[in-house]
Amino acid sequence: MSLPTSLRRLLSVPALLGALFTGGAFGLALFGAFGGPLWLFLLGLTLSALALVLLGRLVEEDADGARAAPLRPGGPRAHAPALVRGVRAVHKGSDRPALDPRAPHSEFLFDLVVVPEDAPAFHVQVRHPLDLQSLSGRGRDRAVVEYDPEQPWRAVLPNNPPTLWWARAERLDPDALGAVGPPSRGVPVGVLVLALGLVIAVAVAGPTAFTAT
């Protein structure tokens, strides 16, 4: 599963654009280092540093395997019951506790164990602007998740999930699950983008740079 998942992520438009940018930056630095003008080398070096910073952030995001990502537009969808292990108010864009959950800059972080029918259970953390458990009037230890079956770390909490899935969530037995970890994301997309960028740089600028020497 890891290899196809990683390849699908690499072949997405943002990843390919990132690889082209990385390859172009490395290519400028390579060409400038081997016979090109100094300003070209410095420009390539600066852009390469920027590319490495951005790729490092992508790797860090993948390292936090429990953090949910948004659903893909037009991607597959499925519902699954979930156990709520905890809910807390945090600041948008960070995990810092929010003093006022009703403030515009606050949202709720749900710590969930999702239990699909035809796949292993997995742990994921999903953000939502509302405390859905309080609004629904149902038990605070149950939820329904909408997720991507091909990339299960992409998950959201729908505002009005089907009643059928609520009934299944209420029948979950927490003691029967055992230890549950986050879904596998395969090779970090930042590593794949870096590798493809290096290939592009050597393929485009390598022959010219080495010939110039």
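Just the heavy atoms: all of them, side chains too, but no hydrogens, waters or symmetry mates, feed the values below.
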- request: Assess whether side-chain contact (heavy atoms from CB on, under 4.5 Å) is satisfied between V204 and F31, documenting all intermediate values.
  value: CA-CA 10 Å; V204 174; F31 184 76; over 6 Å; no
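- Contact record, P174 with L172: CD-O, 3.5 Å, taken as the closest heavy-atom pair.
- V156 and L112 fall into different hydrophobic clusters, where Ile, Leu, Val, Met, Phe, Trp and Tyr are joined by side-chain heavy atoms under 4.5 Å apart, directly or via other members.
- Taking hydrophobic clusters as Ile, Leu, Val, Met, Phe, Trp and Tyr residues chained together by side-chain heavy-atom distances below 4.5 Å, V191 shares a cluster with I200.
- Taking hydrophobic clusters as Ile, Leu, Val, Met, Phe, Trp and Tyr residues chained together by side-chain heavy-atom distances below 4.5 Å, V145 shares a cluster with V84.
- Follow the hydrophobic side-chain contacts under 4.5 Å out from L164 and you never reach V144; the two are in separate clusters.
- Once rounded to the nearest 0.5 Å, the distance linking CG of L28 with CH2 of W39 reads 8.0 Å.
- Shown here for A68 and V124, the closest heavy-atom pair between the two residues is CB-CG2, 3.6 Å.
- When all heavy atoms of E146 and L71 are compared, the closest pair comes out as O-CD2, 4.1 Å.
- Residue K92 holds its NZ atom at 9.5 Å from NE2 of H105, rounded to the nearest 0.5 Å.
- Atom CG in L157 sits 14.0 Å away from atom OH in Y147 (nearest 0.5 Å).
- Between L50 atom CG and L45 atom CG the span is 12.0 Å, to the nearest 0.5 Å.
- For S48 against A29, the heavy-atom pair with the smallest separation is OG-CB, 4.3 Å.
- Distance CG/L52 to OG1/T22: 7.5 Å, rounded to 0.5 Å.
- Residue N160 places its CG atom among 12 or fewer non-hydrogen atoms of other residues, nucleotides or ligands, all under 6.0 Å distant.
- Summarising the geometry of L194 relative to F26, their closest heavy-atom pair is CD1-CE1, 3.6 Å, with the distance given to 0.1 Å.
- The shortest distance between side-chain heavy atoms of L196 and L16 falls below 4.5 Å.
- Nearest heavy atoms, A169 versus A143: CB-O, 3.5 Å.
- Among residues at least two apart or in separate chains, side-chain hydrogen bond (donor to acceptor under 3.5 Å, both in side chains) pairs with a member in residues 77-91 are R85-D111, R85-H123.
- Put simply, CG on N159 and CG on L130 are 6.5 Å apart, with the number rounded to the nearest 0.5 Å.
- Between V115 and R168 the shortest side-chain heavy-atom distance does not fall below 4.5 Å.
- Linking ILVMFWY residues whenever their side-chain heavy atoms come closer than 4.5 Å, directly or via other members, places L47 and L54 in the same cluster.
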